There are 2 protein chains.
Amino acid sequence: MTIDMDGKHIDETKELDGKDVRSVPTLASIAEKVGVSVNTVSRALRAPNTVRAELRKRINVAMDELNYVPNRLAGGLSGMRTDIVGVVVTSLYYSEFASIIDTLQSALLERDLQVMLANTRYNPDQEIKLVRSILSWRPAAVAIIGIDHPPKVVELLKASGIPIIEMWDTGGNVIDTAIGFDHQAVGAAQARHLIDQGYKKLAFVGSLRENDRRAQKRLLGLEAEAARAGIAAIAKRTEPQGGSPDLGERLAGELLETHSEIGAIVCNSDVVAFGVLRALKKRGKRVPEDIGVIAFGDNEAAACVTPSLTTIRPDREKIGRLTADAIVARINGGEPQTTVVDWQLMFRDSTRRKD
Amino acid sequence: MTIDMDGKHIDETKELDGKDVRSVPTLASIAEKVGVSVNTVSRALRAPNTVRAELRKRINVAMDELNYVPNRLAGGLSGMRTDIVGVVVTSLYYSEFASIIDTLQSALLERDLQVMLANTRYNPDQEIKLVRSILSWRPAAVAIIGIDHPPKVVELLKASGIPIIEMWDTGGNVIDTAIGFDHQAVGAAQARHLIDQGYKKLAFVGSLRENDRRAQKRLLGLEAEAARAGIAAIAKRTEPQGGSPDLGERLAGELLETHSEIGAIVCNSDVVAFGVLRALKKRGKRVPEDIGVIAFGDNEAAACVTPSLTTIRPDREKIGRLTADAIVARINGGEPQTTVVDWQLMFRDSTRRKD
DNA sequence: TTGAAAGCGCTACCAT
DNA sequence: ATGGTAGCGCTTTCAA
């Protein structure tokens with residue numbers, strides 16, 4: 001950017017055979033165009049009432065004309081804080097966490113906080129890498145799915161000194177603040193419900209990943225409650241890959257071949273249950289009369305399959321909203337705390353033997 | 001941070017009654033701890049082979065001990081570029097774009113690009129605000145759903161000078177690079193299919209938002225193709241709110257009350273269709289015999305409802321993958337281009353009158 | 001192979 | 001009400 005003899009500025013815009021090589025406008029470009037100091041322009045942005053109205057207007061016009069967008073790298077570096085919230089989820093498939101993200105993102109938006117998203121896909125190495133990457137942007141806070149992380153992740157998050165909200169799970173060691181529910185209790189409730197409905201032999205089907213501690217906890221709770229009711233063995237058929245209807249159909253098929261006396265099938269997720277229902281129908285098994293099916297998640301289609309699917313509905317919206325609240329509270333000096341969020345058993349036809 | 005008389009450093013770490021008030025470690029902390037200059041540490045990170053192996057090792061150890069995380073605000077400011085890719089979607093509900101985001105995010109991760117996510121919820125003001133916010137982080141590229149944006153968004157994106165990939169739609173004015181498909185063609189295919197199956201009177205049901213141009217285009221294509229086949233009027237029943245099974249059930253109910261002669265119902269999304277199927281069942285209408293139902297999206301449950309749902313399956317994974325490829329290509333100087341991605345009509349039971 | 005110094009764009013502090 | 005100045009933590013020359 002140069003000043004010519006008359007003191008009028010020459011815009012740094014250059015057109016090179018149609019290609020735009022103009023450098024992105026900075027506060028300095030605006031300052032120069034308006035004829036004030038950088039500092040005044042900055043104040044017009046951060047503290048408008050410290051700038052004369054007329055000047056402010058000219059500055060705003062200039063910004064609009066040049067399509068000025070503040071450089072938050074600079075702002076963040078200088079101000080030592082950003083408005084980024086890192087959000088780390090373990091999966092984006094099948095709306096498992098989509099509505100948490102959705103609610104969280106829009107609640108944060110109201111506070112002018114920006115989501116930086118990472119998906120670990122249940123891979124702990126990826127989790128370390130992603131957490132590191134997110135922290136490198138000096139976020140104001142991090143919200144992360146689960147309370148079971150690789151030690152390095154815990155270390156990094158703790159060392160960061162920012163609020164850390166662990167979502168979706170509770171009941172264990174928490175880094176800072178947790179908002180979720182007890183997955184073992186969910187598993188126990190599934191077992192209880194089936195037993196109450198008169199089902200005897202229970203089976204478990206679905207994706208069970210080495211690093212999905214929540215799923216493991218639910219299974220644990222299921223087995224414990226079944227044992228308490230005198231049901232010793234639970235037939236299991238799991239795979240480490242992600243859940244899907246096809247997986248459910250296949251696993252249920254295999255299960256029925258090896259175990260003829262199955263009373264009810266617990267599915268790790270609704271989408272798996274969709275496939276299980278299909279497998280049962282193909283084999284002429286009636287649901288809920290011959291075999292009961294219960295799942296976890298309450299996918300949007302759970303009430304629409306035939307028979308409608310009994311499942312557990314976590315309150316994802318609430319988790320998202322409370323997480324946003326907790327982030328803001330913690331940033332403003334509030335105390336860390338653990339909040340347990342409700343879930344519901346959606347009693348539908350797939351287990352309705354009695355009313 | 002201070003150096004004592006012997007030249008040995010005193011770590012700036014301070015413990016205040018158990019509370020950690022240590023400042024976040026910087027390159028300088030590492031440099032000081034190891035006893036080298038800041039920029040040697042920087043080189044150990046960016047260009048490891050320009051640093052003596054033994055020194056490099058000591059530096060790495062120090063970084064690990066202090067849980068050093070580079071400050072990318074500083075790096076980005078200095079290097080004038082970041083590894084952020086802004087991703088702007090219009091919705092996060094019901095896996096509409098979740099798997100695009102999923103695929104895109106993991107493909108970008110392989111190239112060490114970080115997703116910054118924004119959800120406009122079909123609100124143009126929000127879109128402007130969010131695009132501005134994302135650009136303020138000086139991303140390396142932006143991927144955004146749709147090709148119809150508020151003028152200010154187009155202006156901002158163009159002025160940013162970075163690669164802009166518009167996803168999901170094609171066939172219109174494109175800012176830079178587009179990867180999607182023709183939604184009018186989808187609508188036409190829906191009509192064609194229904195007509196081929198012998199359905200006469202067509203109806204359209206679902207969420208139709210003012211700013212969901214894609215949905216509007218599909219409806220347009222539907223009407224045009226129907227008109228071509230001599231079907232003049234299409235009964236419509238829409239609402240501006242987001243689609244859901246409940247909405248579908250309600251709208252279908254209202255439709256059937258006012259229009260007795262409906263042949264087939266086109267739904268704007270699968271989740272709406274789920275509710276439509278429920279409404280039809282409650283009223284004793286047989287699908288596909290009495291009424292056909294076709295939708296758009298191919299939700300994971302579409303093949304699992306009864307009857308299984310005929311719908312359009314866009315190749316979301318491909319869009320995600322190609323978008324990541326295009327971003328990398330454009331960053332490396334590749335030319336902008338528009339890529340049309342396939343979609344399929346998933347012919348299932350809800351429209352199967354003939355084979 | 002290593003170090004010194006300048007500067008990225010902005011904010012904060014102190015003058016005027 | 002406005003401007004000058006000093007960094008924020010890093011990368012990037014250029015020297016040693």
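Only a predicted model underlies this, so the values are computations on that prediction, with no experimental measurement involved. Naming convention: chains lettered A, B, ... in sequence-line order (proteins, then strands); numbering from 1 in each chain.
Salt bridge present: B:Asp176 and B:Arg330 bring a charged side-chain N and a carboxylate O closer than 4.0 Å. A salt bridge does not link A:Glu54 with A:Lys57: every distance from a Lys NZ or Arg NE/NH1/NH2 to an Asp or Glu carboxylate oxygen is 4.0 Å or more.
If you take CG of B:Asn49 and C1' of C:dT1, they are 12 Å apart, rounded to a whole angstrom. Summarising the geometry, the separation between CZ on A:Arg72 and P on D:dG9 is reported as 19 Å, rounded to the nearest angstrom. Going from atom CG of A:Asn71 over to atom C1' of D:dC10 covers 14 Å, rounded to whole Å. When the P atom of D:dT11 is taken as reference, atom CG of B:Leu77 falls 11 Å away, rounded to whole Å. Rounded to whole Å, the distance from CZ on A:Arg138 to C1' on D:dG9 is 9 Å. Rounding to whole angstrom units, CD of residue B:Glu32 and P of D:dG9 are separated by 13 Å.
A donor-acceptor distance shorter than 3.5 angstrom exists from the side chain of B:Arg58 to the backbone of B:Val34, with no hydrogens or angles considered.
At a threshold of 4.5 Å between non-hydrogen side-chain atoms, the residues B:Val87 and B:Gln105 do not count as touching.
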Item to complete: Going 5' to 3' through nucleotides 11-16 of chain C, assign each nucleotide B (protein heavy atom under 4.0 Å from a base atom), S (under 4.0 Å only from sugar-phosphate atoms) or - (no protein heavy atom that close).
Response: BBB---

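Side chain to side chain, A:Asp102 and B:Asn119 meet the donor-acceptor criterion of an N or O pair below 3.5 Å.
Across A:Val131, A:Ile162, A:Ile134, A:Val88, a single residue satisfies side chain to side chain contact (heavy atoms under 4.5 Å, CB included) together with A:Leu157, and that is A:Val131.
Residue A:Leu73 is out of contact with every strand shown, counting any heavy-atom pair closer than 4.0 Å.
Note on A:Thr40: a side-chain N or O is less than 4.0 Å away from OP1 or OP2 of D:dG3. Under 4.0 angstrom from either OP1 or OP2 of D:dC10 there lies at least one side-chain N or O belonging to B:Tyr68. A sub-4.0 Å separation between OP1 or OP2 of C:dG9 and a side-chain N or O of A:Thr26 is absent.
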